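Have a look at the structure below, then the notes.
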Amino acid sequence: MSAPAGLYNIVADQGSTLSRVIVWKDPAKKLILLGGYTARMKVRTPDTSSTVVLELTTENGRIELGATNGEIKLYVSDEDMAAVPEGRYIYDLEMVAPSSSVYIYKILRGNFAVRTEVTR
């Protein structure tokens, strides 16, 4: 399971719910059982990577994991997306194995673009 992170670019709209479902599989295309895993994802500005624009975790409810089906559900409410400035950002998504912070798998990374809200 230590393959390099996949590249997946996300485009989101201000003021609109962001919802994505990702299915994590091993190199043999078998579903990863996610029981006990936690997940974290940060969206940052590319030029000042210390600035976090948006954070999704299993702890804050913005990431939900399917224990047996390999599903990773990303969710940001329309109200929270309204607060994210229009722009181009970067992100990565990490999975933390159960009962150990030693096994962290970066499974996705990419650009995260937010388009301006016109209808308010």
Side-chain angles (χ1 to χ4, degrees):
M1 289 193 313
S2 61
L7 179 63
Y8 177 68
N9 296 322
I10 297 173
V11 177
D13 293 310
Q14 275 182 334
S16 184
T17 301
L18 170 66
S19 179
R20 299 284 188 284
V21 176
I22 298 154
V23 178
W24 189 22
K25 297 179 181 180
D26 68 17
K29 305 292 185 206
K30 292 184 180 180
L31 295 174
I32 305 292
L33 302 179
L34 299 176
Y37 273 82
T38 59
R40 58 192 183 204
M41 175 178 153
K42 289 189 179 180
V43 178
R44 298 178 184 267
T45 56
D47 55 346
T48 58
S49 62
S50 63
T51 303
V52 176
V53 176
L54 189 60
E55 184 171 9
L56 291 76
T57 67
T58 46
E59 288 80 13
N60 71 15
R62 290 181 174 166
I63 299 178
E64 182 181 315
L65 304 178
T68 59
N69 62 5
E71 285 189 351
I72 303 162
K73 297 177 183 178
L74 308 179
Y75 175 83
V76 181
S77 71
D78 56 324
E79 294 91 4
D80 290 341
M81 281 305 302
V84 178
E86 175 189 16
R88 296 180 59 92
Y89 306 101
I90 56 174
Y91 83 95
D92 61 17
L93 173 62
E94 295 180 336
M95 303 298 295
V96 181
S99 69
S100 173
S101 61
V102 176
Y103 297 106
I104 299 173
Y105 305 99
K106 187 179 307 251
I107 64 168
L108 283 180
R109 65 176 188 80
N111 296 313
F112 190 100
V114 177
R115 300 184 294 195
T116 190
E117 182 176 16
V118 177
T119 304
R120 297 180 196 105

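Below, all heavy atoms of this structure are taken into account, side chains as well, without hydrogens, waters or symmetry copies. Everything quoted here is computed from the prediction, not taken from an experiment.
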Query raised in the report: Using links of under 4.5 Å between side-chain heavy atoms of ILVMFWY residues, direct or through other members, which residues join I90 in one cluster?
Result: none
Report summary line: Distance col, row R44:CZ vs D92:CG, nearest 0.5 angstrom, shows 8.0 Å
**Report entry** Non-neighbouring partners of R20 that pass side chain to side chain contact (heavy atoms under 4.5 Å, CB included), sequence neighbours left out
**Finding:** Y8, I10, L18, L74
Query raised in the report: Side chains of L34 and M95: closer than 4.5 Å at any heavy-atom pair?
Result: yes
Requested in this report: Kindly compute the distance separating CG (L65) from CD1 (I32), expressed to the nearest 0.5 Å.
Outcome: 12.5 Å
Query raised in the report: Side chains of I63 and L93: does their closest heavy-atom pair fall under 4.5 Å?
Result: yes
Query - Reported CH2-to-CD1 distance for the pair W24 and I107, which is rounded to 0.5 angstrom - result: 5.5 Å
Query raised in the report: Excluding sequence neighbours, so at least two apart, what forms salt bridge (charged side-chain N to carboxylate O under 4.0 Å, His left out) with E71?
Result: K73
Report summary line: With sequence neighbours left out, the residues meeting side chain to side chain contact (heavy atoms under 4.5 Å, CB included) with A5 are K106, R109
Report summary line: Here the gap from T116 atom OG1 to Q14 atom CD, rounded to the nearest 0.5 Å, amounts to 4.5 Å
Query raised in the report: Can you check whether N111's main-chain N or O pairs, donor with acceptor, with N9's side chain at less than 3.5 Å?
Result: yes
Report summary line: Closest non-hydrogen contact found for T68 with L33 is O-CD2, 3.5 Å
Under 3.5 Å, side-chain donor or acceptor atoms of residues 76-85 against the rest of the protein: list the pairs with distances, not counting sequence neighbours.
residue, atom, partner, partner atom, Å
S77, OG, E79, OE1, 3.3
S77, OG, D80, N, 3.1
S77, OG, D80, OD2, 3.4
D80, OD2, R62, NH2, 2.7

Requested in this report: Identify, with sequence neighbours excluded, every residue that meets side chain to side chain contact (heavy atoms under 4.5 Å, CB included) alongside T38.
Outcome: T58, E59, V96
Report task. Please examine the side chains of F112 and L54, heavy atoms only from C-beta on, and report whether any two atoms are closer than 4.5 Å. Result -> yes
Query raised in the report: Looking at G35 and P98, what are the two nearest heavy atoms and their distance?
Result: O-CG, 3.6 Å
Query raised in the report: In terms of hydrophobic clusters joined by side-chain contacts under 4.5 Å, are I72 and Y103 together?
Result: yes
**Report entry** Straight-line distance of R115 CZ to E86 CD, nearest 0.5 Å
**Finding:** 10.0 Å
Query raised in the report: In the single-linkage hydrophobic clustering (I, L, V, M, F, W, Y; side-chain heavy atoms under 4.5 Å), do I22 and V43 co-cluster?
Result: yes
